[in-house]
Amino acid sequence: MATYYCSIVLWRMRMIWRLRRNHGDVARFFFHYENSSSASPCFFYSTASLHSRMGHPLSFSSLVQQCTATQNLSCLKILQTHVIKNGLCHHSFGHKLLDSYIKCGSIYDARRLFDEMPDRHIVTWNSMISAYTSRNRSREAVHLYERMVSEGVFPDEYTYSSLFRAFSRLGVVLEARRAHGRAVILGLETSNAFVGSALVDMYAKLGEMKVAKLVCDGVFEQDVVLLTALIVGYAQKGEDLMALEVFLDMVRKGIRPNEFTFSSTLVSCANLGDVKCGDMVHGLMTRSGYVSVVASQTSLLTMYSKFGMVEESLRVFSALEDPNIVTWTSLITGLILNGKEETSLLKFQEMIRSSIPPNSFTFSSVVRACSRLAVLDTGKQIHALATKYGLDLGNYVGATLIDMYGKCGAPDLAVLAFNALVKADLVSINSMIFSYAINGLGHEALKLFYVTKDSSSLELNEMTYLSILLACSNSGLVEEGQRIFTDLRDRTDIRLNSDHCSCMIDLLGRSGRLDEAENLLNQLENPDVVMWRTLLSACRIYREVKMAERIRSKILELSPGDEGTHILLSNLYASTSNWDKFIETKGVMKGMKLKKDPAMSWVEIDQEVHTFMAGDFPHSRSDDTLVKLEELTTKAKNLGYIPDTSFVLQDMDELNKERSLYYHSERLAIAFALWRTTNKFSCIRVFKNLRVCGDCHSWIKFVTVAVGREIIARDSKRFHHFKNGACSCGDYW
DNA sequence: GTAGGGTTAG
């Protein structure tokens, strides 16, 4: 211990001797601490260690430098106290301390020192402003700039190159223009590429691409950053041709693009769907040596995904040594985009195993994969994971969760996810209305629609109106739907589109108001095939042969050889026992090589999907399924089920018609599911590619009574929740 | 002694 203190005393003597000889100011500083009771041995010890490591005479700069390197804030504060007490806070010492505080991450201490400085050099102002902008404290940066101007200090090129970012973050166009004006007066707009690129970036982010382009064109010595800022602006605004033009212009001028340039240019190639151009930029990027830059390669991967070139995007991914969360998310999103939802979920698992924490972009994508696959259990697991990461309450993930629960036939869970949101935005509300709509909860949808319309500040959009019209249509709320449709027609801020019209025609048609639907169609300027076909479906429900034939000729005028029309008409002729015309239509279809999509149903049991085709038993499980099916039908008949053979679209005798109804794919799936699942409280979810027929609808209602279970069926259009002999659609679909 | 640009989502 004695040796230890001896060595400290010896070191201090030697240091004071050196300081007296070389650095008057700092020597006085150490004398001060020599005689001060607050001087801690710890401080001197750490200073000693700093000194010994420096290996050269101590100076103020190197002391500050060492404090920065070791992030020693307390040492910096002691230095500051001394500097201020001894009136040494002139700009050089002051700035060094301030800079060190910033580098140590303490903006608070930097600002306190800044406020205490008697005279501030422009460099000090700039450092403080830059510290604020780079840490997202834009308001404070702008305040400081305004104070600087009011105190008569002239901002310079350094000030503006960091300041402009603050305006775009705050979204304050007027203030931004005022500052731009001052930069012009000072002659900094055109003479300095740093100021120019900051301006271009600012205007691009404020959405003023024309101004951004003007500024860029005016800069005397353009460089890669300046032009890249412009490309980024165009790419993010979707002005992709302009982005490519700037890129080519840059290459022509001999300015070499870098990894930042390539990242954004590739986004534009992807948006344009221009494979040739994409390949060219890819080649240029490879030749420029950016093969392992993650962000650029991520853009490349996304581009190939958008081109539908999945193999190529996988190849880019596997060549990357260290993919980040954005790369993983791009891969997952790309797979979903290309219909490879199962693979995307496997990749998600792989990502989690690689200990890469997912973000809200990732969740938003994988939840969508679940929604497409309608795999409720997996969806729930992913929701739980999102909750674990605290990412389930934001609108991006929230909206996909609501959508997923809606499309999995679990509107109650969609409501829970919706109510949990911190602050629902329009997309989340639209998703909720849509979920209500496809699950036949029209009144709930109307309630949310009117609350949003009347009591929120949100501006409704096309999707809101489409969802609510669908809700009215699926619940047979004709008057409400008509009122909303009229309201939409009168609005000038929202464009009435063909989907809205089809939905309205569907609503009128399916509720039997065929003439009104036809009138509406005739009022429209250019009704499309979808709208006429919608009315044709209604004719099929109400067996309105004359109108159907009238519509057929309209459709065939617009689109000769329209497949759906022939299929709908053949169904209509079959259901009205018009067998001659049925055979004739079938003949036309045969000539056109048209075939109906085979009916198909599937159920998910123990995370395995089982598929069934109508009247087809290729499965080894078929015996048990058929036994169960017979049992269910007998029970249903005992409860009052009478088969309605008018749904059989073939010319055969009644007994065979009845038998053919029994083997509709949804019945096979339900029988299989009831045979396989023993938990009486679990609900069965069946999915069907076509619409459920009226007889199956009735049969399922009786089955829910017979077995005391809930059955949820999703057909090509909506959900039916069957419980205790009733369906949520109120027999209206 | 201070400064500018990027990749993923409903």
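In what follows, chains carry the letters A, B, and so on, assigned in the order in which the sequence lines appear, proteins first and then strands, with residues in each chain numbered from 1.
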Just checking [X]: base, sugar-phosphate only, or nothing, at a heavy-atom cut-off of under 4.0 Å?
X	answer
A/Asp425	base
A/Glu259	base
A/Asp223	base
A/Thr362	nothing

**Study point:** Options B/dT8, B/dG6, B/dG10, nucleotide nearest the side-chain atoms of A/Thr302
**Key:**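 The closest nucleotide is B/dT8.
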
Exercise for review: Just compare B/dG6, B/dA9, B/dG1 and give me whichever is closest to any side-chain atom of A/Phe260.
Suggested key: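 It is B/dG6.
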
**Study point:** Summary of ring-ring contact (aromatic ring centres under 6.0 Å, His included) pairs that have at least one residue in residues 403-438 of chain A, sequence neighbours excluded
**Key:**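 For residues 403-438 of chain A: A/His383-A/Tyr405.
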
Counterpart residues, side chain to side chain contact (heavy atoms under 4.5 Å, CB included), relative to [X] (two or more places apart):
X	value
A/Phe317	A/Leu301, A/Pro323, A/Thr327, A/Trp328, A/Leu331
A/Ser127	A/His95, A/Leu98, A/Ile102, A/Val123
A/Ser299	A/Ser263, A/Leu266, A/Val267
A/Glu175	A/Arg139, A/Val142, A/Glu146, A/Phe167, A/Val172, A/Arg178

Using a 4.0 Å cut-off on heavy atoms, which residues in [range] reach DNA chain B? List them by number, or say none.
range	value
residues 321-342 of chain A	A/Val326, A/Thr329, A/Ser330, A/Thr333
residues 183-207 of chain A	A/Asn192, A/Ala193, A/Phe194, A/Ser197, A/Asp201, A/Lys205
residues 226-241 of chain A	A/Leu226, A/Thr228, A/Val232, A/Gln236

Practice item. Please name all residues satisfying ring-ring contact (aromatic ring centres under 6.0 Å, His included) with A/Tyr132, sequence neighbours left out, ordered by chain then number. Key: none

Review point. A/Tyr290: what forms a ring-ring contact (aromatic ring centres under 6.0 Å, His included) with it, not counting sequence neighbours?
Key: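 By the ring-ring contact (aromatic ring centres under 6.0 Å, His included) rule, A/Tyr290 matches A/Phe262.
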
Check your understanding: Can you list every pair that meets side-chain hydrogen bond (donor to acceptor under 3.5 Å, both in side chains) and has a residue in residues 336-346 of chain A, with sequence neighbours left out?
Key ->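 Residue pairs with at least one partner in residues 336-346 of chain A: A/Glu341-A/Arg372.
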
May I ask you to verify if any side-chain N or O of [X] is less than 4.0 angstrom from the OP1 or OP2 atom of [N]?
X	N	result
A/Arg165	B/dG5	yes
A/Arg368	B/dA9	no
A/Ser130	B/dA3	yes

Does any donor-acceptor pair link the side chain of [X] with the base of [N] at a separation under 3.5 Å?
X	N	answer
A/Ser263	B/dG6	yes
A/Asn126	B/dG1	no
A/Asn258	B/dG5	yes
A/Ser127	B/dT2	no

Practice item. Kindly assign one of parallel, tilted or perpendicular to the pair A/Phe363 and A/Tyr389, based on the angle between their ring planes and the thresholds 30° and 60°. Key: tilted

Practice item. Please indicate yes or no: is the ring centre of A/His95 less than 5.5 Å from the centre of the six-membered base ring of B/dG1, with the two planes inclined by under 30 degrees? Key: no

Practice item. Name all pairs fulfilling the salt bridge (charged side-chain N to carboxylate O under 4.0 Å, His left out) condition that reach into residues 411-432 of chain A, sequence neighbours left out, sorted by first residue then second. Key: none

Check your understanding: Within a radius of less than 6.0 Å around CZ of A/Arg112, do more than 12 heavy atoms belonging to other residues, nucleotides or ligands occur?
Key -> no

Check your understanding: How about A/Tyr160 and A/Phe194: are their ring centroids closer than 6.0 Å?
Key ->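 No, ring centres 6.0 Å or more apart.
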
